[in-house]
Amino acid sequence: MSAGVVRLEVVTDSAKPTLMVVDGHSLAYRAFFALPVENFTTKDNQHTNAIYGFLSMLVNLIKAEQPTHLAIAFDTSRHSFRTDEYPEYKATRSETPSEFRGQIPLLQDCLAAMSIPVLTKEGIEADDILATLAAQGSAQGFDVLVVSGDRDTIQLVNDQVTLLYPNVQGVSQLKRYDPVAVQERYGVRPEQYPDIAALVGETSDNLPGVPKVGEKTAVKWLTQFGTLDELLERSGEIKGVVGGNLRDHIEDVRRNRKLNRLLQDVELPLGPTDLETRPIDAQAVRDIFARLEFRTLLPRVFEAVGEDAPEEEHVATVALPDVAELAAEGLATWLKAATGDVAVEVTTAGGLPQRVGLAHGDDLVELSWSPQVQAALADWLASDAPKIFHDAKSQVKALHTAGMRVGGLAYDTNLAGWLLRPSYPDKTLADLVDRYLGEKLPEADPTQLVPETEGASPAQLAWFTARVATSLRTDVPESVDRVLREIELPTLITLADMELAGVAVSHEILSGFSQELGERAGRIAEESFAIIEREVNLGSPKQLQEVLFEQLELPKTRKTKTGYSTDAAVLADLQESHPHPFLDLLLQHREATKLRQIIESLDTAIRADHRIHTTYVQTGSQTGRLSSTDPNLQNIPVRTEESRRIRSAFQVGERYETLLTADYSQIEMRIMAHLSGDEGLIEAFNSGEDLHRFVGARVFGVEPEEVSSAMRTKVKAMSYGLVYGLSAFGLSKQLRIEQSEAKQLMMEYFARFGAVRDYLRASVLAAKEVGYTETIFGRRRPFPDLVSPNRVLRENAERAALNAPIQGSAADIMKIALFRIHSDLLDEGLASRVLLQIHDELVVEVAPGEWDATERIVRDRMGGAAELSVPLDVQVGRGGDWNEAAH
DNA sequence: CAAAACACGTA
DNA sequence: CGTACGTGTTTTGG
């Protein structure tokens with residue numbers, strides 16, 4: 001016996017062997033619904049929830065029941081002798097999701113590795129195989145355990161045969177049915193159960209029964225008449241409506257009974273004695289579990305068969321290559337010899353480089369930062385020599401700060417990991433090492449002052465990064481790899497410079513405004529306390545609920561998890577139906593304190609250079625957008641006149657002349673026009689007419705100049721809502737109109753712009769097929785939930801999938817424009833620089849005398865970032881502060 | 001003390 | 001029952 005093979009030995013107390021036969025299909029299907037798919041998806045998007053759930057249950061069963069003989073039966077297809085007989089059989093069942101079907105072959109691979117026989121037969125259902133084996137087994141003196149989620153198997157139960165049937169939820173709990181338990185639960189002997197089922201019918205199999213007859217009536221009749229035949233014979237004796245129903249449906253009952261009888265004489269290649277449990281192939285199990293990313297299941301499998309888990313590869317003992325400490329002199333030679341990819345890890349301190357680790361294959365070197373090292377490194381770093389990083393941006397920033405440019409950025413494992421799985425937060429290199437190498441990155445225990453375990457050194461981190469990159473490169477599809485190389489990596493360099501530049505913000509303006517708002521909030525609070533004659537914390541939804549719904553006895557609003565909502569929309573509704581001075585004051589208080597809070601957080605973020613340096617998280621969204629943190633500069637208020645005073649505090653910096661803002665107008669609608677090819681919408685953008693006026697004219701059948709502002713508001717909401725998968729319900733709510741009117745509006749809209757609806761439908765359908773959406777440039781976003789049996793999950797996924805290519809393409813376009821602008825400004829030797837990106841807007845700081853050149857670059861690059869069937873319209877503004885520049 | 005819930009700002 | 005984000009406050013739960 002080879003070292004990796006373990007005997008599956010079974011010890012039972014009784015001399016009688018135990019045969020366990022399992023309906024693989026029905027139990028895996030239950031597991032599929034019971035386990036959330038998001039927790040069971042591998043890195044290449046293979047769903048494993050059904051496999052995991054089934055194996056988990058099986059392992060528990062083997063452990064508990066200790067069968068000496070074991071087999072799993074599967075259906076081959078929907079088609080069977082029953083569908084031949086009665087084509088409507090199971091016809092109402094919705095198609096099995098492809099995500100489930102795809103798991104069956106893999107599950108069978110697992111079973112093969114575990115040396116468990118899998119039985120199937122063309123035209124025969126799994127339950128017939130179970131029935132046959134159960135009959136043969138009990139005849140041959142086995143104790144038989146039938147495991148199935150199909151109620152028809154109840155008929156198999158007798159003194160030798162016990163059924164294990166899953167409880168309503170999931171597969172973790174199995175209920176044991178022996179003849180006594182069946183009698184208790186159903187009121188009849190097991191062999192009579194099919195008679196009951198024939199009378200009652202089986203909705204899930206599309207077998208209608210006798211109307212108005214449920215379990216209770218069926219049991220009563222059978223007890224009364226003894227057998228089904230007798231009952232049907234003497235159906236005339238049954239009185240009333242049900243008696244008539246029975247007589248009218250006798251043929252249905254006979255058919256049902258015929259179909260639900262399980263075959264006990266199927267010809268099978270293996271009989272019970274052939275199913276003796278055999279040694280499992282430890283290596284094969286390990287391999288397939290690794291592929292399915294099952295970690296906890298492996299030891300459980302071995303435990304269940306009474307063996308210790310075989311030695312795991314001790315990841316911690318994977319030998320790390322030695323690291324050579326280099327001095328500046330040795331570096332040039334080393335770099336010259338290192339052809340091809342070199343992985344780099346720069347540790348930083350105080351925003352400057354500290355140590356540098358380099359990995360070229362297993363050749364690892366490290367250096368401490370010094371002017372000599374910098375001099376020896378600079379040319380290579382700026383050159384096209386390919387370099388691989390994990391999360392390059394922070395390292396690039398430190399290098400830029402030290403006065404070095406980074407060229408040849410060939411790969412970033414952080415970005416690649418995100419592009420492959422944008423919804424999974426593989427934040428750190430350690431996460432990726434675990435996921436893609438199956439190893440553990442040595443990390444120092446941060447809780448220990450003097451760590452017992454040494455963390456990986458910079459060169460070793462670079463070594464891991466290079467190996468993760470190799471693995472990722474085999475996983476990342478070509479189109480996604482292009483997004484990485486042609487969009488994300490150039491964007492990374494640009495973002496590094498934007499973050500370093502920061503934006504000048506006036507503390508004076510902010511603190512003055514903050515004080516003003518603070519005083520106002522105080523006054524409002526006082527006033528509102530006077531009205532309700534007590535003091536509450538206006539920031540506490542819980543206390544507000546007391547005041548609003550108990551003290552003031554206002555009508556209860558939208559429910560939340562913990563009570564009733566007090567959000568602004570709800571308060572505005574309340575104010576309309578039940579005007580109360582407290583409501584108005586509360587809204588004003590919210591507004592003032594919210595603004596003040598934003599101002600305060602901005603103020604504390606101003607650094608010594610009088611500028612705010614946000615951090616753009618390039619992997620921060622699932623669609624391809626950037627996000628901004630510490631502080632978030634992408635949600636600075638703009639909607640009200642007063643809130644725009646905050647934007648006035650964002651000012652042109654010293655030695656610069658003015659701010660330039662540039663934004664895409666209606667970029668998402670333009671992308672919709674392009675993707676859908678809708679001629680009306682394309683014409684709208686080419687006509688030069690105001691978009692919503694044009695659309696309004698078409699929808700309402702009037703001349704553009706006759707479009708009223710109410711009409712314009714409606715089509716505008718409709719147009720924007722489209723991009724988000726808005727429903728008639730949502731539209732009616734937003735516009736405060738009747739649902740019927742909203743429905744009508746949507747009808748009219750699609751009557752004129754039908755290609756838009758066609759595109760949106762086709763796009764979601766295509767995503768359902770392939771499992772992901774794709775932007776114009778090839779960025780992908782997986783959507784496993786599109787085939788979820790859970791309606792809420794599925795519909796959420798549908799809306800997100802509808803939006804993803806549109807929002808994502810817009811993000812791609814903006815990124816392309818952004819790095820090209822950045823690169824043009826540098827190439828032309830201009831000092832002007834991009835400071836902020838707010839999804840469809842850029843803020844640029846323009847140096848004296850550079851306005852014309854900068855504006856030209858910005859307009860050209862934004863307008864020319866993509867060739868669509870409609871023009872990309874760019875609005876440019878100029879001013880000394882952000883608010884002024886926006887006009 | 002950390003996490004959840006709520007509310008609200010932007011595109 | 002409208003997509004994508006981040007942040008602050010209060011409340012909750014261990």
Side-chain angles (χ1 to χ4, degrees), chain A residues 422-423 536-545 557-571 586-587 589-602 604-605 614-640 643-644 646-647 663-669 672 717-735 739 742-743 760 764 773 781 783 791-792 794-811 814 836-842 882:
Chain A
S423 54
V536 295
N537 182 347
L538 294 175
S540 161
K542 192 165 171 268
Q543 294 182 34
L544 284 176
Q545 286 175 47
T557 58
R558 175 170 60 82
K559 273 200 168 138
T560 66
K561 280 186 186 171
T562 53
Y564 298 93
S565 172
T566 66
D567 72 19
V570 155
L571 295 182
L586 177 55
L587 282 167
H589 186 262
R590 283 254 177 88
E591 201 176 312
T593 48
K594 178 73 181 175
L595 273 188
R596 181 153 184 256
Q597 167 228 313
I598 291 171
I599 291 164
E600 284 303 313
S601 69
L602 287 176
T604 53
T614 186
T615 302
Y616 289 103
V617 185
Q618 203 172 345
T619 57
S621 81
Q622 303 196 39
T623 52
R625 278 189 176 182
L626 303 174
S627 75
S628 158
T629 64
D630 302 314
N632 180 358
L633 295 186
Q634 290 179 323
N635 70 343
I636 305 303
V638 70
R639 294 197 201 280
T640 68
S643 70
R644 284 197 286 274
I646 298 180
R647 293 194 170 212
D663 60 85
Y664 282 118
S665 56
Q666 295 128 0
I667 186 164
E668 295 191 341
M669 279 298 284
M672 275 252 295
M718 173 78 205
S719 289
Y720 278 111
L722 274 183
V723 179
Y724 304 137
L726 188 66
S727 62
F729 176 89
L731 187 64
S732 72
K733 199 144 192 216
Q734 194 197 326
L735 290 173
Q739 249 193 85
K743 209 170 254 172
L760 292 171
V764 172
T773 58
R781 177 172 169 192
F783 280 99
R791 203 182 76 173
V792 177
R794 187 180 60 249
E795 289 180 347
N796 285 342
E798 283 169 355
R799 285 189 298 275
L802 186 124
N803 172 264
I806 300 169
Q807 189 182 121
S809 296
M814 179 49 113
L836 304 177
Q837 188 259 38
I838 307 97
H839 307 309
D840 66 358
E841 175 186 5
L842 295 179
W882 191 3

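Here the structure is a predicted model, which is why all the values come from computation and not from measurement. Computed over heavy atoms, backbone and side chain alike; hydrogens, waters and symmetry mates excluded. Labels below follow one simple rule: chain letters A, B, ... track the order of the sequence lines, proteins then strands, and each chain is numbered from 1.
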Student: Pair A/Glu668, A/Arg625 - check salt bridge (Lys or Arg N to Asp or Glu O under 4.0 Å), show working.
Tutor: CA-CA 13 Å; A/Glu668 295 191 341; A/Arg625 278 189 176 182; 3.8 Å; yes
Student: Can you tell me if the side-chain N/O atoms of A/Arg639 get under 4.0 Å from OP1 or OP2 in B/dT10?
Tutor: yes
Student: Tell me what A/Lys561 touches on the nucleic acid: a base, only sugar-phosphate, or nothing, going by heavy atoms under 4.0 Å.
Tutor: sugar-phosphate
Student: For the pair made of CZ in A/Arg647 and C1' in B/dT10, what is the distance, rounded to whole Å?
Tutor: 8 Å
Student: Indicate whether OP1 or OP2 belonging to B/dC6 is found under 4.0 Å from a side-chain N or O atom of A/Thr566.
Tutor: no
Student: Side chain of A/Leu726 only, please: which of C/dG2, B/dA7, C/dT7 is the nearest?
Tutor: C/dG2
Student: Can you pull out every salt bridge (Lys or Arg N to Asp or Glu O under 4.0 Å) where at least one residue sits in residues 719-730 of chain A? Sequence neighbours excluded, please.
Tutor: none
Student: Can you check side chain to side chain donor-acceptor pair (under 3.5 Å) on A/Thr566 and A/Arg590, steps first, answer last?
Tutor: CA-CA 11 Å; A/Thr566 66; A/Arg590 283 254 177 88; 3.0 Å; yes
Student: Find the distance A/Ile636:CD1 to B/dT10:P and express it as a whole number of Å.
Tutor: 9 Å
Student: Please state whether the phosphate of C/dG6, meaning OP1 or OP2, lies under 4.0 angstrom from any side-chain nitrogen or oxygen of A/Ser627.
Tutor: yes
Student: Please determine, for the side chain of A/Ser621, which listed nucleotide (C/dC5, C/dG2, B/dC8) has the closest atom?
Tutor: C/dC5
Student: In whole Å, what is the span from the NE2 atom of A/His839 to the P atom of B/dT10?
Tutor: 12 Å
Student: Would you kindly check whether a donor in the side chain of A/Arg625 faces an acceptor in the base of B/dA11, or vice versa, at under 3.5 angstrom?
Tutor: yes
Student: Pull out every protein N or O sitting under 3.5 Å from an N or O of nucleotides 11-14 of chain C, one pair per line with the distance.
Tutor:
from   : atom 1 : to       : atom 2 : distance (Å)
C/dT11 : OP1    : A/Ser540 : OG     : 2.4

Student: For A/Leu802 and A/Leu722, which heavy atoms make the closest approach, and how far apart are they?
Tutor: CD2-O, 3.2 Å
Student: What integer distance in Å separates A/Phe783:CZ from C/dT3:C1'?
Tutor: 10 Å
Student: Base, sugar-phosphate or nothing for A/Gln734? Non-hydrogen atoms, less than 4.0 Å.
Tutor: base
Student: Determine: side-chain N/O of A/Arg590 to OP1/OP2 of B/dC8, distance under 4.0 Å, yes or no.
Tutor: yes
Student: Record whether the side chain of A/Asn632 comes under 3.5 Å of the base of C/dG6 through a donor-acceptor pair of N or O atoms.
Tutor: no
Student: Kindly point out which of B/dC8, C/dC5, B/dA11 is positioned nearest to the side chain of A/Asp840?
Tutor: B/dA11
Student: So A/Ser565, base contact, sugar-phosphate only, or nothing? Heavy-atom distance under 4.0 Å.
Tutor: sugar-phosphate
Student: I need the NZ-P distance between A/Lys559 and B/dC6, as an integer number of Å.
Tutor: 13 Å
Student: What is the nucleic acid contact for A/Val638, judged by heavy atoms within less than 4.0 Å: base, sugar-phosphate only, or nothing?
Tutor: sugar-phosphate
Student: Among all residues two or more places apart in sequence or in another chain, which pass the ring-ring contact (aromatic ring centres under 6.0 Å, His included) test with A/Tyr616?
Tutor: none
Student: Any side-chain N or O of A/Thr560 under 4.0 Å from OP1/OP2 of B/dC6?
Tutor: yes
Student: The side chain of A/Lys594 is closest to which nucleotide in this list: C/dT7, C/dG2, C/dA4?
Tutor: C/dT7
